[in-house]
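A short write-up of the structure that comes next.
Being a predicted model, the structure only gives us computed values, none of them experimental.
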Amino acid sequence: MKQIEHAGRRRRRMHSPEFKAELVLSCQQTGVSVAAIAMEHGINPNLLRRWITEHERLGHHETAIGHAPRRDVAAQFIPLQLARSEAAQIKPIPREDIAIEFEHNGLKATVHWPMAQSEQCATWLRAVMR
């Protein structure tokens, strides 16, 4: 931990990526209190929560101590290569029209719009929703 000193100003602490990664890893243990770990190390719990968020969203700090980041595999995009014959067989399901149902003050209305005019439907819907 380093401190930057300015004449007559508060001192700002700088934390190394290794220190941040160590605390984030500690917080990922089951049943551990983020606030307790923050107080134990003399930092604000909100700062530690920000480091955890950065780690989860951006994958920061994982290389500092060699641990692989925990990421939700289901949330990742996995591209698939389809053979040309498979791609040719996949066709969109044709729909005849767009159905929009409204309900307001006990009144119900259903609007059917041709699929071929979906852009005009979107424009109309934006105007109605204002």
Side-chain angles (χ1 to χ4, degrees):
M1 184 175 355
K2 297 178 187 176
Q3 291 188 357
I4 299 174
E5 295 189 30
H6 299 282
R9 292 190 171 187
R10 297 172 82 184
R11 296 178 181 152
R12 183 180 201 128
R13 295 184 291 178
M14 301 295 289
H15 303 282
S16 68
E18 293 82 12
F19 179 74
K20 293 177 183 181
E22 181 182 325
L23 293 185
V24 168
L25 184 64
S26 298
C27 292
Q28 290 176 338
Q29 305 300 320
T30 305
V32 174
S33 167
V34 173
I37 290 177
M39 289 190 306
E40 180 180 320
H41 290 87
I43 63 171
N44 188 302
N46 292 331
L47 178 61
L48 182 53
R49 284 190 187 93
R50 183 173 44 173
W51 293 347
I52 292 168
T53 302
E54 286 175 1
H55 175 76
E56 290 172 351
R57 287 186 184 163
L58 306 173
H60 285 216
H61 322 304
E62 74 271 31
T63 57
I65 55 177
H67 293 286
R70 293 183 182 183
R71 295 187 180 159
D72 185 8
V73 176
Q76 295 178 359
F77 176 76
I78 302 171
L80 298 176
Q81 292 291 335
L82 296 177
R84 190 175 274 288
S85 61
E86 291 177 18
Q89 293 174 359
I90 299 173
K91 296 179 182 175
I93 300 171
R95 304 222 183 232
E96 294 181 17
D97 59 3
I98 299 169
I100 302 172
E101 296 180 7
F102 291 96
E103 185 174 340
H104 182 68
N105 292 334
L107 297 174
K108 294 181 183 180
T110 303
V111 176
H112 293 275
W113 206 287
M115 185 61 76
Q117 297 177 355
S118 60
E119 290 294 322
Q120 291 88 347
C121 178
T123 303
W124 174 81
L125 187 57
R126 279 188 218 103
V128 169
M129 299 301 287
R130 287 186 193 155

Report whether L47 and V34 are members of the same hydrophobic cluster (ILVMFWY, side-chain heavy atoms less than 4.5 Å apart, transitive linking). yes
Pair S26-V32, side chain to side chain contact (heavy atoms under 4.5 Å, CB included): steps then yes or no: CA-CA 8 Å; S26 298; V32 174; 5.5 Å; no
Taking atom CD1 of I100 and atom CG of L125, what is their separation to the nearest 0.5 Å? 5.0 Å
Would you list the atom pairs, donor with acceptor, under 3.5 Å between side chains in residues 106-115 and any protein atom, with sequence neighbours excluded?
| unit_1 | atom_1 | unit_2 | atom_2 | d |
| --- | --- | --- | --- | --- |
| H112 | ND1 | D97 | OD2 | 3.3 |
| W113 | NE1 | Q117 | O | 3.2 |

Are any of the side-chain heavy atoms of T123 and E119 separated by less than 4.5 Å? no
Nearest-0.5 Å distance, CD1 of residue I52 to CZ of residue R49: 7.5 Å
Could you tell me which residues satisfy side chain to side chain contact (heavy atoms under 4.5 Å, CB included) with S33, sequence neighbours excluded, listed by chain and number? A35, A36
Is a side-chain donor or acceptor of H55 paired with a backbone partner of W51 at a separation under 3.5 angstrom? no
Answer yes or no: is there a side-chain heavy-atom contact under 4.5 Å between H15 and I43? yes
When rounded to the nearest 0.5 angstrom, what is the spacing between NZ in K20 and CG in L25? 16.0 Å
